[in-house]
Each structure stands twice: as C-alpha cells, then as structure tokens.
Participant: 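Encoded as structure tokens, here's the structure I'll be asking about.
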Amino acid sequence: MSGDHGHKDSQVDSGSRVNDSHKHKDKHKDKERKHKDHKKDKEREKSKCSNSEYKDFSEKKHKDKVKHKDGSLERHKEKDKHKDKEKRREEKSKSSSVDGKPKKEKENGFASPPRIKSEPDSDDFYHSPKHEKSLKRERDDDDYELKPKKIKTENEKKAKKRKQEEDEDEDIKPRKKTKDKKGGEGDAKKKAKKEPEEKWKWWEEERYTDGSKWKFLEHKGPVFAPPYEPLPSNIKFYYDGKPVKLSTPAEEVATFFAKMLDHEYTTKDIFRKNFFKDWKKEMTSEEKSKITDLNKCNFAEMSEYFQAQSEARKQMSKEEKQKIKEENERVLQEYGFCVMDNHKERIGNFRIEPPGLFRGRGDHPKMGMLKRRIRPEDIIINCSKDSKHPKPPPGTKWKEVRHDNKVTWLVSWTENIQGSIKYIMLNPSSRIKGEKDWQKYETARRLKKCVDRIRAQYRDDWKSKEMRIRQRAVALYFIDKLALRAGNEKEEGETADTVGCCSLRVEHIKLYPELDGQEFVVEFDFPGKDSIRYYNKIPVEKRVFKNLQLFLENKQPEDDLFDRLNTSILNKHLQELMDGLTAKVFRTYNASITLQQQLKELTSPEENIPAKILSYNRANRAVAILCNHQRAPPKTFEKSMQNLQTKIDAKKDQLSEARRELKSAKADAKVQKDEKTKKAVETKKKAVQRIEEQLMKLEVQATDREENKQIALGTSKLNYLDPRISVAWCKKWNVPIEKIYNKTQREKFAWAIDMADEDFEF
DNA sequence: GGTCGCACTTAGAAGTGATCCA
DNA sequence: TGGATCACTTCTAAGTGCGACC
C-alpha cells in the first residue's frame, strides 16, 4: 500500500528520543572556516560526478553566509532593514487595491470566477447597513476533490441527526452516573443545547477562484494593551542596597523583569545582557549614570508585589470574578467578531500583544530584548472600502487603513525584535481558515495517489551521476521516511541555531556501518523547530548510507550536509512531480496515513468505548512521535504520578481486603448454607469485580500518562491529521465525537464532522 | 536565478478555570 | 470547602513557501 513506508519501524517505536532543550555550543560559526574546504570539495565532486550543474551553488551559499560577518554593523543594518521594509510596505499598499487587476493565484482546484448569489437572511447573519447585497459564491464543476458533497434536504439531515443523537444516547446512558468531565459527552450535550441550531455550512458553498479572500470585511479593530499603572510608592526598587525612584518608563521595563524573576530566563547571560541594554534606553540620563550593573539591581520587592496581586486575584469573591468575566465577555462581543461576506466570524487574536521582554526559544540571541508597546500609529487596518472603518482611540490615528482583499488579515503591525509583521486573523473555525485546511488535506490525499511513483523516482535518483540530484533524493527520502521539516535557511545571529532537513550540518548526523545488530544506521541529533531536540537512530538502505558517506567526505562538522540543496530547489522539483506538492505535504500525508493505518490495526470491534478511545490515543501518539511533537514534562508530573501510584497501591490493598472478605464469606456460606450468606457471597463477589475494574482503569491511566509524559498529542491532532479519518472512525465504531474532539476542535473541524461518512478513506 | 518580504501555518508554553477529592 | 490537578484556551514564537523584485 502506498501509505506504508516503514514509519512504524523507524519512528513510531523509537523510544530513544529525549525531550531536551538543546544546548548549543556557540560554534556557529566562523563562516570562512565553514567554507574553507569548499574549493577542495568542489574539485573532488567534479572528478567524481563530472557534473557542471552543482558548482556555483556552493559558491553562492558561501557568499551569502559571509555577508553578515561584521557583527558591529548589525544594529544599523537592522534599523535600515526595518526602514526599508516599511518603505516597501507603504509602496505596496499604494499599489495594492481591490480595484486593481487581481494577480494570478494558484489555488489547487480553485478555478472559476466568482458570482454573487442571493442568500436568504438568517439570524446567523450580521448585516452591515452598507452591505445588503449577498455574496454567495459559485463553485467550479471541475473541482472534484474539494467538491462539497451533495446537499441533503433539510428533512433527511434532521432525521439523520436525530438518529445519530439517539445512537449516541445509547452510548452515553450507562456512563452518565460516572464522572461527567468537562468536554465529556454529558457536558457536550448540555452545551449543545445552547449552541444555535443551524451553523453556516460554508463547505457547501462556492469558493472564490480569483485569488480574493473576501468581498466585504468589517471589524472594530484591535484591543490595545492596558496602559502602564505605576507602582505604589511603598514598593521600591533598590540599587546597590539603596532605594531608587525610577522614572515611569524605566519603572515599567523594570516591572517586566521583576515579573519574570522566577523564570529561568532571568538567569541567562544573553537575556540579562539584552534586557539591561534595552532597559538603559528607557532610563533618564541620571538613571543611566547611576544604574550601571544589573547584578546590583534588586527587584525583589516588585516581584513580591506582583505575586501578592496575583494571589489577591485568586482570592477575589465570586461576584468580583463574575464582574471581570462579564467585562471580558463584553469586550469579546464587541471586538472578537467581524463580518466577512455576510457572516459573523470569530476573530482568533483581537488583542495587541502587550509590551514585555522577548522570550525567544532555545538559545535565542535576542531573548530579553524589550518588546515595545504598540500604539495606534503602528497599526495597519485592513477592511473593505464600503465597511464601517474601525475608529482609533480618541486623539490617535491609524498608521494606515488598507482595503486589500487578497489577504486574510484584519490588522497588522511590525514588531521591533525581528522586524517581522504580526497579524490579527480569524479563528480556525472560520470559513477562510477551514477552506485552507480542507484544501491542505486534499493535497495530501493527491500525494497518496502518486507517492509510489515519487518514491521510485527518488530511489532511482540515489544512483544519479549528479551530486545535486543524489542530495535531493536522499533529503527527500528523509523528509518522507522521518517526516522531517524542509529546513529553510536562516539568518545567523537573528534566531536560535535550529535546522531542518535541507539545512542539516555534518555535525548533526553520525553514521554506523553496524550498530546494535543493525546495518547502515544513521544517528540524527539536531535542534529542530522551537529548539526541540530531534534524536533518532534509524537503519537506512545501503545506497542512502553510501551516499551520506560521500556527502560527508572532506567536510568539517559545521559544513552543510546537503551543500547542493536548499528548500527552494527541493520544492521546485516537487512541484514538477505533482502540482501543489511541497516538502510539508509529506508531513501531512505521512501523519494522516499513519493515523488511518494505526486505527485499523489497533481498534478491536469487541472493545468497549474507553478501550477504543485508548486505541485512538495510541494511534494519535504514534503520529506525534513520528512528527517529534514533544513537550516539557509537566512540572507536577512526578508528583501526579506518585499520587496515582499511591491510589493504585491503595486500590490493591482494597482488592486484597475484598478478596479476603469474599473468601471468608464463601467459608461461611459453606457452613451455614442459608440464603443470607449466599447473598453475602454474591455481594462480595461483585465488590471484588468492581475493585478489579477500578484498579485496571487506574493502571491504564498510569500507562497512558507515562507514555504521554513528553509527547504532545494536540499539535498533530490540530494540524496534521485529516479530521475526516477521526470522524469516520467515530461513526464506524459509535464513539461519540466529543470523546475525540473538544468543543473548540469540533468547531474547527465542523466541515469534516458534517461531510465524512464512516467509509471515508484518506 | 537568487534574495527577501510577506502571509500564512505550526508550535510549545503560559494562563485560566472547571472539576476532583480529601 | 479549598487546594490540587488537569483540560482547555490563549499567546506568540518559529517555522514554510510563494512571488515580487533586482
């Protein structure tokens, strides 16, 4: 079968990974040293491959890497770069307009021009007075894969829904007496009553095919961070043992540090250095001359004050808490929704990020820098011309109001740490996100149809005369087999040193002709996204192994493993193999196909619902391991395991006691032979059975928790697993969908829940 | 053809609040 | 009833990949 690519052997069972925030030597890197052997290398390759295509690429790479050599220029360059970016953005905004000719957009299978249809009014809609015309769109008939299923009649649908609810009830009834956890089915039923009956089924409608994302967009703009509230006068900051009254801007930045005092960050040298540098920029000249050493600063009183405040918040009365809740709800109702093409849609993040200290992951060179406060003057608003534009706070103005319907964001601003753009976008349950998600899984399903051909091709390419093709083929093999990320090149000194497949360096792999009884083993050990360690030992095919040996020849540890390859070359090649194919599609495909296979393998028809859910979680876990989705073990992990073990021990004692009682009851019954003692035996028997079941449950829970210690299931569930596989599985085995997806997840995957039947095949 | 900016997805951590249990 | 625990939500960093531009 196309989907089977040995994942189970290579990673699913790989128990050797460790979650370890990767500590990185500051090896990275003297660029000249890094490439000092390239000339030699190139000559070697020339003689081996008699290939001319490869030769310029490494030179180019070399040139690029040298260009930021002078660290002293970085800040100026950064400033200039930001200015440059801003300028370009401004120019772009001038030229970008909904009225302009739409640029060609490649949308897999989205190909026909839109046509506005009339749509009946509904409570779900939220009309703008300026926008009365309806915006239903037309679908292309050729669009087979993404074609929504035939719309059922209302009666059919209701009957089916009722039937489903009845079926679910059957499952739910016996467990109703037991715990009714949040997100559990009982709860879900209660909540379902509150949810509006009819949700907008965007997946049954036509899609835009001209590259536009919307025709009408209206929103209230962002919610800004609350202004800084100065500390009470009795809370002091001390320098060198003496109290120092700070100016308000300096005090505000000091509080950012004080709030993080308990965090490991504040012990890190880079963090402290960056913080102090940026803090000084906020100080008055007098403060600057007085406060010269961070080690002499004492933030303890501030820190205690914030801790006390946090404690006080926890201790607030019910009424006070309720008041805050209501206020939050009011803000949500006002700012948390927008109107996009006649539908009220939830916004994902409508609050502007508050100022604070930058928390980069891993050994981030910029950690501790001051994330400045974002003001209305930094904000670009995106909405439609004919909408009611959001108003800036009194006395301020927006940087710009733009009407670009080729993008999905509502608000954007440029952050000051990396100079990148931040956005306010819609919630995952929105049409715009859902369509994209659906499309992603359809692309992955198309890969399924041609993956055998692609695999045959890259295996063939392992023998190519051209080094660049061999490298491409080996890299693709890793991306496919190990679900590695593409590995874009990164600007040095700007971010933590992390890599993906194409950016692997020699130091990240070790080759073993034989290891633990296996031939041709490759050991990977590198910091991946978010500086999460990827550690894996896998046996590979001989030809891959030989190729890797060749790639490593005459290279230094800090040299690129694939020096003839980058993500752009790889993706260009993939695009030729299949329309819309990129490196990340392999991750989606392999994750989804693994889930489907594992579910088939692990689900036993005779199992009860909890056992089936355990099987589902195990299948999900197999994918999480494949994708290396790790988490730091919860701080309370050891303790909670200990508590669970105590419970298990107590339950075991209880079981022994119950068994003893049963034995003695049996003995009594033997002697007395009356109804009363017989009944007592039955009661004791039942008690033993019940305790045995409880014990088993606790033991399963312990196993599950232990297996999940360092594995995060959520990421794969939300981003890589085609939800239709899970929905079909639930329908097939009568498992309530609420057991697999919580409310938010059900909203995100509403399209899949509605359209997938039990016989859906990825 | 390469570089860079932009738009968007993917990611783990932190924060919050509901539920459990002594 | 209140503290502990855990599921869920929010936050925002860190990736990918496309396309404009030089």
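As the structure is a computational prediction, the values presented were derived from the model and not from experiment. Within every chain, numbering begins at 1; the chains are lettered A, B, ... in the order of the sequence lines, protein sequences first and strands thereafter.
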Participant: In this structure, is the centre-to-centre distance between the rings of Y534(A) and H508(A) below 6.0 Å?
Facilitator: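 Ring centroids of H508(A) and Y534(A) are no less than 6.0 Å from each other.
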Participant: Answer yes or no: does a side-chain N or O of T715(A) lie under 4.0 Å from OP1 or OP2 of dG12(B)?
Facilitator: yes
Participant: Select base, sugar-phosphate, or nothing to describe what A583(A) touches, counting heavy atoms under 4.0 Å on all strands.
Facilitator: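 If one applies the 4.0 Å heavy-atom cut-off, A583(A) turns out to touch the sugar-phosphate alone, with no base involved.
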Participant: How is T495(A) classified with respect to the nucleic acid when contacts are heavy atoms under 4.0 Å: base, sugar-phosphate, or nothing?
Facilitator: nothing
Participant: When we call it a touch if two heavy atoms are under 4.0 Å apart, what does G348(A) touch: a base, just sugar-phosphate, or nothing?
Facilitator: nothing
Participant: Could you tell me whether the phosphate oxygens of dC18(C), OP1 or OP2, come under 4.0 Å of any side-chain nitrogen or oxygen in K406(A)?
Facilitator: no
Participant: Looking for any heavy atom pair under 4.0 Å, which part of the strands does T408(A) touch: base, sugar-phosphate only, or nothing?
Facilitator: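 It contacts sugar-phosphate atoms only.
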Participant: Which heavy-atom pair separates Y720(A) from A591(A) by the least distance, and what is that distance?
Facilitator: CB-CB, 3.6 Å
Participant: When we call it a touch if two heavy atoms are under 4.0 Å apart, what does G487(A) touch: a base, just sugar-phosphate, or nothing?
Facilitator: sugar-phosphate
Participant: Contact class for K584(A) vs. all strands (heavy atom < 4.0 Å): base, sugar-phosphate, or nothing?
Facilitator: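 Sugar-phosphate: the residue K584(A), judged by heavy atoms under 4.0 Å, touches backbone atoms but no base.
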Participant: Does N349(A) make a side-chain N or O approach to OP1 or OP2 of dT9(C) shorter than 4.0 Å?
Facilitator: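 It does not, given that no N or O in the side chain of N349(A) lies less than 4.0 Å from OP1 or OP2 of dT9(C).
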Participant: Can you tell me if H263(A) touches the phosphate of dA13(B), counting only side-chain N or O atoms and a distance under 4.0 Å to OP1 or OP2?
Facilitator: no
Participant: Using OP1 and OP2 only, check whether a side-chain N or O of H364(A) sits under 4.0 Å from dA13(C).
Facilitator: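 False: H364(A) side-chain N/O out of range (4.0 Å or more) of dA13(C) OP1/OP2.
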Participant: Check this for me: K321(A), atom NZ, are more than 12 non-hydrogen atoms of other residues, nucleotides or ligands nearer than 6.0 Å?
Facilitator: yes
Participant: Can you tell me if T582(A) touches the phosphate of dG17(C), counting only side-chain N or O atoms and a distance under 4.0 Å to OP1 or OP2?
Facilitator: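 So the side chain of T582(A) is within the cut-off, an N or O lying under 4.0 Å from OP1 or OP2 of dG17(C).
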Participant: Under 4.0 Å between any heavy atoms, over every strand shown, what does K314(A) touch: base, sugar-phosphate, or nothing? Just pick one.
Facilitator: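 If one applies the 4.0 Å heavy-atom cut-off, K314(A) turns out to touch nothing in the nucleic acid.
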Participant: Do F337(A) and H219(A) make the cut of ring centroids closer than 6.0 angstrom?
Facilitator: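 Centroid separation for F337(A) and H219(A): 6.0 Å or greater.
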Participant: Can you find a donor-acceptor pair, distance only, under 3.5 Å between K529(A) side chain and dT10(B) base?
Facilitator: yes
Participant: May I ask you to say what K572(A) touches in the nucleic acid, namely base, sugar-phosphate or nothing, with a heavy-atom cut-off under 4.0 Å?
Facilitator: nothing
Participant: Is the phosphate of dA11(B) approached by R587(A) (side-chain N or O, under 4.0 Å from OP1 or OP2)?
Facilitator: yes
Participant: Reading DNA chain B from 5' onward, which residue's closest nucleotide shows up sooner: R361(A) or Y423(A)?
Facilitator: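 So the residue in question is Y423(A).
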Participant: Is there a side-chain contact between K321(A) and the phosphate of dT16(B), meaning an N or O under 4.0 Å from OP1 or OP2?
Facilitator: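 No, outside the criterion.
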Participant: Can you tell which of dC8(C), dC8(B), dG15(C) lies closest to the side chain of T744(A)?
Facilitator: dC8(C)
Participant: What does G500(A) touch in the nucleic acid at a heavy-atom separation under 4.0 angstrom: a base, only the sugar-phosphate, or nothing?
Facilitator: nothing
Participant: Think N488(A) has a side-chain N or O under 4.0 angstrom from the OP1 or OP2 of dG15(C)?
Facilitator: no
Participant: Taking for each residue the nucleotide of DNA chain B bearing the nearest heavy atom, is the 5' side occupied by S716(A) or by M425(A)?
Facilitator: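 By nearest-heavy-atom nucleotide position, the 5'-most residue is M425(A).
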Participant: Provide the closest heavy-atom pair for N382(A) versus V407(A) in the form atom of the first, atom of the second, distance.
Facilitator: ND2-CG2, 3.3 Å
Participant: Could you tell me whether P428(A) contacts a base, only the sugar-phosphate backbone, or nothing, with contacts defined as non-hydrogen atoms closer than 4.0 Å?
Facilitator: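 P428(A): no heavy atom of the nucleic acid under 4.0 Å.
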